[in-house]
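Below is one structure; the comments refer to it alone.
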Amino acid sequence: MHLMHMDVNYRVVKNNMKADLLDEKNENMPIAAFLKMIKERSDRLMNYFLLSFFIIGIALGYFYDTYLIALGVGGACLLAYYSAKILFPESTLYQFIASANLGIFTAQLIYQMHGLFEMHFIAFIGSAILITYQNWKLQLPLAVVIIIHHSIFGYLQFSGVPHVYFSQQEFMDVQTFIIHVFLALTIFFICGLWAYQFKKHSEQHIEMSFEIGRLQIAEQQKEQLLKVNSELDKFVYSVSHDLRAPLRSLMGIVEITADQTEELPVINHLQMMKESIARMDGFILDILDYSRNARSEFKKEEIDFPELLTEVIHHVKYAGSTNDPSEIKIFVEGKNTFISDRSRITIIMNNLISNAIRYQNTALNNQFVKINVVLSKKDATICVSDNGIGIPKELQNKIFDMFYRVNGNSVGSGLGLYIVKEAVEKLKGTIKVNSKPGEGSEFLVNIPNVEII
Ligand code: ADP
């Protein structure tokens with residue numbers, strides 16, 4: 001049972017790890033894919049805009065005969081942009097060149113239209129287009145080009161240099177110029193901020209969607225694991241159950257054969273067979289208990305402890321322990337109604353009592369097993385004590401492990417106390433052991449009263 005569980009769990013964990021590794025490798029994949037998509041889409045947009053500015057420049061050549069300027073400046077801009085893009089496609093250099101180009105096209109169009117006021121707005125169109133890359137730094141080349149252009153051309157025009165064509169105005173005072181620059185910088189700043197926030201928002205959004213995807217996968221894997229475990233439990237339960245029937249008929253045949261013979265060696269061999277069959281049956285019963293505890297729902301029921309304990313003791317004695325303690329005493333204190341899961345409490349008591357009987361000190365003639373139950377509104381405190389062989393201190397925390405037996409020759413499966421611990425956990429209770437070798441042991445179990453949970 002344990003090994004089968006382990007194997008399934010191992011396989012699932014291994015698959016999970018594989019999935020995790022894959023995910024780890026590709027952890028930034030969605031963000032990288034997103035950035036690639038942004039880049040491609042923005043590059044396409046930039047193609048349209050730069051080509052449009054170039055064509056507009058040529059078209060504006062008609063007004064003041066500035067074809068050569070349009071071809072020369074516009075052509076140089078496109079040449080720089082596409083060369084950088086072809087030579088360094090993975091770098092962002094060409095995007096920064098595009099940003100500077102937008103500033104240069106603004107200057108060119110202002111010039112071509114002899115300083116037409118409205119042409120200055122083209123800088124803002126450029127700034128807005130650049131948001132598409134979601135990179136605030138791309139605002140910088142444009143801003144720098146515009147500021148340098150405005151400062152130099154403004155200064156030259158207002159100093160009286162002819163044919164500068166920066167503005168249609170005859171004069172601009174420094175204060176007005178500074179306000180212009182300040183307003184332009186504000187727009188560049190706002191566009192940069194948007195670009196930054198867009199990128200941050202998109203990344204967060206992608207990370208969130210990715211996390212949701214991971215959680216969904218984990219949830220599916222958990223469901224699968226639960227399904228596999230429950231199928232395995234069902235399988236183990238039915239196999240164990242079916243195994244008991246042939247064992248019982250084997251026991252019957254051995255008993256009949258023993259009755260029919262008087263030969264001592266045969267009787268001895270048959271007795272050994274009986275003990276082996278009983279041991280195997282005990283092992284199967286343990287597996288059934290384990291499976292029952294793992295599978296069954298919590299069933300609330302009023303527990304009548306005297307009745308339950310009498311039944312368990314009868315069952316334990318009937319199961320044929322080689323030891324037969326002279327005394328098994330039951331004390332139940334408290335009149336409170338106690339509600340819990342009867343089948344799990346039966347499993348717990350069954351194992352603790354049969355252990356107390358099994359691990360008696362055969363050298364004593366006053367062997368005893370005492371069962372004390374104290375009921376309260378809050379809980380039931382059960383103490384199963386004996387004056388048996390006891391358990392060494394250093395081994396007391398191991399006895400609840402699966403398949404652990406203090407003595408390798410023990411007839412038990414080593415599952416009993418493990419099942420007890422599991423069942424106590426299902427009841428949200430606790431279990432403790434006090435024991436001294438040669439003096440005896442006591443197992444203290446506390447189980448909450450479900451009524452008041
Ligand atoms: P087993 O099937 O071997 O009894 P358990 O899980 O029930 O397995 O117990 C684990 C070990 O703890 C036993 O092998 C035994 O050595 C020790 N043990 C359990 N109960 C007692 C007890 N009442 N007195 C002495 N030893 C005990």
Side-chain angles (χ1 to χ4, degrees), residues 1-3 5 236 240 243-244 247 275-294 309 312-313 315-330 344-364 366-373 381-426 429-445:
M1 170 77 178
H2 172 61
L3 291 179
H5 251 295
V236 170
S240 314
L243 277 178
R244 289 200 74 205
L247 271 190
E275 280 168 18
S276 294
I277 294 170
R279 210 180 304 162
M280 195 182 249
D281 195 43
F283 187 55
I284 294 173
L285 279 173
D286 279 349
I287 294 177
L288 281 171
D289 275 351
Y290 171 84
S291 179
R292 222 174 266 137
N293 177 55
L309 291 172
V312 168
I313 289 167
H315 171 78
V316 169
K317 281 189 163 175
Y318 173 76
S321 169
T322 40
N323 288 340
D324 192 8
S326 25
E327 256 192 318
I328 299 184
K329 282 189 181 162
I330 303 174
R344 288 195 170 89
I345 293 187
T346 308
I347 290 175
I348 296 168
M349 297 317 298
N350 215 335
N351 280 290
L352 292 182
I353 296 172
S354 64
N355 276 353
I357 296 174
R358 210 181 315 158
Y359 300 107
Q360 292 279 311
N361 185 348
T362 42
L364 298 176
N366 66 333
Q367 299 160 346
F368 70 80
V369 174
K370 277 189 206 152
I371 304 143
N372 276 291
V373 180
T381 306
I382 305 162
C383 175
V384 178
S385 56
D386 60 64
N387 58 346
I389 56 172
I391 308 158
K393 184 100 194 127
E394 65 279 10
L395 303 179
Q396 287 173 15
N397 58 349
K398 290 192 180 163
I399 55 173
F400 296 100
D401 291 351
M402 198 182 241
F403 295 119
Y404 185 79
R405 292 179 301 173
V406 171
N407 182 343
N409 302 327
S410 157
V411 289
S413 62
L415 270 176
L417 289 180
Y418 172 75
I419 297 168
V420 168
K421 187 193 74 181
E422 292 282 300
V424 168
E425 271 172 19
K426 289 259 178 185
T430 56
I431 181 160
K432 271 200 310 199
V433 60
N434 294 319
S435 182
K436 246 187 179 172
E439 287 186 19
S441 313
E442 63 171 20
F443 285 84
L444 284 158
V445 181

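Side chains are part of it too, since the values below use all heavy atoms of this structure and drop only hydrogens, waters and symmetry mates. Note that the numbering runs from 1 along the sequence shown for the chain. Atoms within each ligand, like the ligands themselves, are counted from 1 in listed order.
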**Asked** Any idea which atoms of ligand 1 are less than 4.0 Å away from a heavy-atom of Y404?
**Response** 10 (C), 11 (C)
**Asked** Can you list the ligand 1 atoms lying under 4.0 Å from a non-hydrogen atom of R358?
**Response** 1 (P), 2 (O), 4 (O)
**Message:** If the cut-off is 4.0 Å to any non-hydrogen atom of R405, which atoms of ligand 1 fall inside it?
**Reply:** 3 (O), 14 (O)
**Which residue and heavy atom of the protein sit nearest atom 6 (O) of ligand 1, plus the separation** = L417 N, 2.8 Å
**Complete:** When rounded to the nearest 0.5 Å, the distance separating CG of L309 from CD1 of I371 is 5.5 Å
**Prompt:** How many angstroms lie between CD1 in I431 and CD1 in I348, if you round to the nearest 0.5 Å?
**Reply:** 7.0 Å
**Item:** Distance in Å, S413 OG paired with M402 CE, rounded so as to fall on 0.5 Å steps
**Value:** 10.0 Å
**Message:** If the contact criterion is a heavy-atom separation under 4.0 Å, does F443 count as touching ligand 1?
**Reply:** yes
**Request:** Considering heavy atoms of the protein only, find what lies nearest to atom 16 (O) of ligand 1 and give residue, atom and distance to 0.1 Å.
**Result:** V406 CB, 3.0 Å
**Asked** Can you tell me which residue and heavy atom of the protein come closest to atom 19 (C) of ligand 1, and the distance to 0.1 Å?
**Response** N355 ND2, 3.5 Å
**Fill in**
In this structure, atom 12 (O) of ligand 1 is nearest to the protein heavy atom I399 CG2, 3.4 Å
**Prompt:** Going by heavy atoms, is G388 under 4.0 Å from ligand 1?
**Reply:** no
**Message:** If the condition is side-chain contact (heavy atoms from CB on, under 4.5 Å), which residues does K432 pass it with, not counting sequence neighbours?
**Reply:** L444
**Asked** Going through the checks in order, is the side-chain contact (heavy atoms from CB on, under 4.5 Å) test met by N355 and V384?
**Response** CA-CA 10 Å; N355 276 353; V384 178; over 6 Å; no
**Top protein contact for atom 21 (C) of ligand 1, by heavy-atom distance** = Y359 CD1, 3.6 Å
**Asked** Given side chains that start at C-beta, do those of M280 and I277 come closer than 4.5 Å, heavy atoms only?
**Response** no
**Prompt:** Starting from atom 26 (N) of ligand 1, which protein heavy atom do you reach first, and at what distance in Å?
**Reply:** I391 CG1, 3.3 Å
**Fill in**
Nearest non-hydrogen protein atom to atom 8 (O) of ligand 1, with distance, is G414 CA, 3.2 Å
**Partner of S435 under side chain to side chain contact (heavy atoms under 4.5 Å, CB included), chosen from I399, L395, D386, I391** = I391
**Request:** Report yes or no: does a heavy atom of N351 sit under 4.0 Å from some atom of ligand 1?
**Result:** no
**Fill in**
With heavy atoms and a 4.0 Å threshold, my read on which part of D386 contacts ligand 1 is side chain
**Message:** Closer than 4.0 Å to some heavy atom of G416 - which atoms of ligand 1 meet that?
**Reply:** 5 (P), 6 (O), 7 (O)
**Asked** Atoms of ligand 1 less than 4.0 Å from S441 heavy atoms?
**Response** 22 (C), 24 (N), 25 (C)
**Request:** Could you label the plane-to-plane angle of the F403 and F283 rings as parallel, tilted or perpendicular, counting under 30° as parallel and over 60° as perpendicular?
**Result:** tilted
